[in-house]
Novice: 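Starting off with a structure, shown below.
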Amino acid sequence: MSKILLITSSPRGTESLSTRFATEIANGIRMQSGGSLTVRDLVANPAPHITQDYIKGRVMAPDARTAEETKAVEDAMELVDELRVADVIVLGSGMMNFAPSSQLKAWIDNITWPGVTFSYGTGVPQGLLTGKKVYLVTASGGVFSEGVYAPFDFQTNYLLHVLGFIGLTDVELIRIEGTVQGPDAAKAAIASTGAAVQALLAKVA
Ligand SMILES: Cc1cc2nc3c(=O)[nH]c(=O)nc-3n(C[C@H](O)[C@H](O)[C@H](O)COP(=O)(O)O)c2cc1C
């Protein structure tokens, strides 16, 4: 039985395609594996922007922290703990100005933590969140997987890099893209990603 963590981060509410397909994947895996599902909606329940309390507090002994530092570190550790216990992570991200939403970036800033999710102990960076399966769903209005905009994909490339940096290297990528290129293109993109998600779930079964 898998412990599944679904993280959604698009500010587009019920219109979000990354949220829609990430939710479909998480629910599908749960139905098939009989596992548990935890949902972290970073828009309804945002991670705080990191502050000096967090940056200073996380390198201090717990009993040396101020109340504000303790709170900042505990809030961030709650997010890390959700990742630590998960076997399967489904992450939805919608492109906002060529990058992940600021809600998702705030979460990344909380959980990318030296000595906790990555280490420089051996001289080279080593991710500490190992042994987990990740399904990453990225949505974008334009097409970034190929063509002239490919060099400007600061969403998918960045997410794959930072996930790998903290040890999440087993990532299956599902893209939905080209949705602003007219209603027919949007319909085709949704149909094709829907089919890809069904194929993925059939493989998981
Ligand atoms: C504020 C905002 C900024 C956006 N910036 C971009 C962009 O830089 N490039 C792009 O291709 N699409 C952009 N889009 C379109 C979204 O990437 C597209 O609607 C995508 O489906 C969003 O993900 P979601 O469906 O999960 O919300 C933007 C949309 C919004 C609302």
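Because the structure is a prediction, the values reported are computed rather than measured. Just follow the structure's listing: the first ligand is 1, and inside any ligand the first atom is 1.
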Novice: In the protein, which heavy atom is nearest to atom 26 (O) of ligand 1, and how far is it?
Specialist: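 Result: Ser18 OG, 2.5 Å.
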Novice: Checking a contact table here: which protein heavy atom is nearest atom 11 (O) of ligand 1, and how many Å away?
Specialist: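 The answer is Gly142 N, 2.7 Å.
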Novice: So which bit of Phe144 gets within less than 4.0 Å of ligand 1, heavy atoms only: side chain, backbone, both or neither?
Specialist: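 Only the side chain of Phe144 comes within reach of ligand 1.
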Novice: Quick one: nearest non-hydrogen protein atom to atom 13 (C) of ligand 1, plus distance?
Specialist: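 Closest protein heavy atom to atom 13 (C) of ligand 1: Met95 O, 3.7 Å.
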Novice: Are Asp153 and Arg175 within salt-bridge range, i.e. N to O under 4.0 Å?
Specialist: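 Looking at Asp153 and Arg175, the cut-off is met.
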Novice: So, the side chain of Ser16 versus the backbone of Arg12: is there a donor-acceptor pair under 3.5 Å, distance only?
Specialist: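 Not a single qualifying donor-acceptor pair exists.
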Novice: Would you mind checking if Lys133 and Asp170 are paired as a salt bridge, meaning a charged N to carboxylate O distance below 4.0 Å?
Specialist: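 The answer is yes: the pair qualifies as a salt bridge.
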Novice: Counting non-hydrogen protein atoms only, what is the nearest one to atom 22 (C) of ligand 1? Give residue, atom name and distance.
Specialist: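 Checked against all protein heavy atoms, atom 22 (C) of ligand 1 sits closest to Arg12 NE, 3.6 Å.
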Novice: Counting only heavy atoms from other residues, nucleotides and ligands, does the tally under 6.0 Å from CE of Met60 exceed 12?
Specialist: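 Yes, because the 6.0 Å sphere around CE of Met60 holds more than 12 heavy atoms from other groups.
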Novice: Would you say Ser93 has any N or O atom under 3.5 Å from an N or O of ligand 1, going by distance alone?
Specialist: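 No.
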Novice: Does a side-chain N-to-carboxylate-O contact under 4.0 Å join Glu78 and Arg40?
Specialist: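 Salt bridge between Glu78 and Arg40, a charged N being under 4.0 Å from a carboxylate O: yes.
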Novice: Is the closest heavy atom of Val180 to ligand 1 under 4.0 Å?
Specialist: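 So Val180 does not count as touching ligand 1.
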Novice: Any N or O on Ser140 sitting closer than 3.5 Å to an N or O of ligand 1?
Specialist: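 No, there is no polar N/O contact under 3.5 Å.
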Novice: With heavy-atom distances below 4.0 Å as the criterion, list the atoms of ligand 1 near Phe98.
Specialist: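 Per the distance check, 7 (C), 8 (O).
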Novice: When you check the gap from the basic side-chain N to the acidic O, do Lys203 and Glu172 get nearer than 4.0 Å?
Specialist: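 Salt bridge flag = yes for Glu172 with Lys203.
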Novice: Please list the nearest protein heavy atom to atom 30 (C) of ligand 1 with its residue and the distance rounded to 0.1 Å.
Specialist: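 For atom 30 (C) of ligand 1, the nearest protein heavy atom comes out as Met96 SD, 3.6 Å.
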Novice: Just need the protein heavy atom nearest to atom 15 (C) of ligand 1, so name the residue and atom and give the distance.
Specialist: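 Scanning the protein heavy atoms, the shortest distance from atom 15 (C) of ligand 1 goes to Gly141 N, 3.8 Å.
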Novice: Have a look at ligand 1 and work out which part of Ser10, if any, has a heavy atom under 4.0 Å from it: side chain, backbone, both or neither.
Specialist: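 The part of Ser10 near ligand 1 is the side chain, not the backbone.
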Novice: Verify, without hydrogens or angle tests, whether Asp87 (side chain) and Lys3 (backbone) share a donor-acceptor contact under 3.5 angstrom.
Specialist: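 Answer holds: yes.
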Novice: So, does Glu68 use its side chain to make a donor-acceptor pair with the main chain of Gly57 at under 3.5 Å?
Specialist: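 No.
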Novice: What's the shortest distance from atom 6 (C) of ligand 1 to any protein heavy atom, and which residue and atom give it?
Specialist: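 Here the nearest protein heavy atom works out to Asn97 N, 3.6 Å.
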Novice: Before accepting this row, confirm whether a basic side-chain N of the pair Arg84/Asp81 lies closer than 4.0 Å to the acidic partner's carboxylate O.
Specialist: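 Judged by the 4.0 Å cut-off on N to carboxylate O distance, Arg84 and Asp81 do form a salt bridge.
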Novice: Can you tell me which residue and heavy atom of the protein come closest to atom 23 (O) of ligand 1, and the distance to 0.1 Å?
Specialist: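 Checking every protein heavy atom, the shortest distance to atom 23 (O) of ligand 1 gives Gly94 CA, 3.1 Å.
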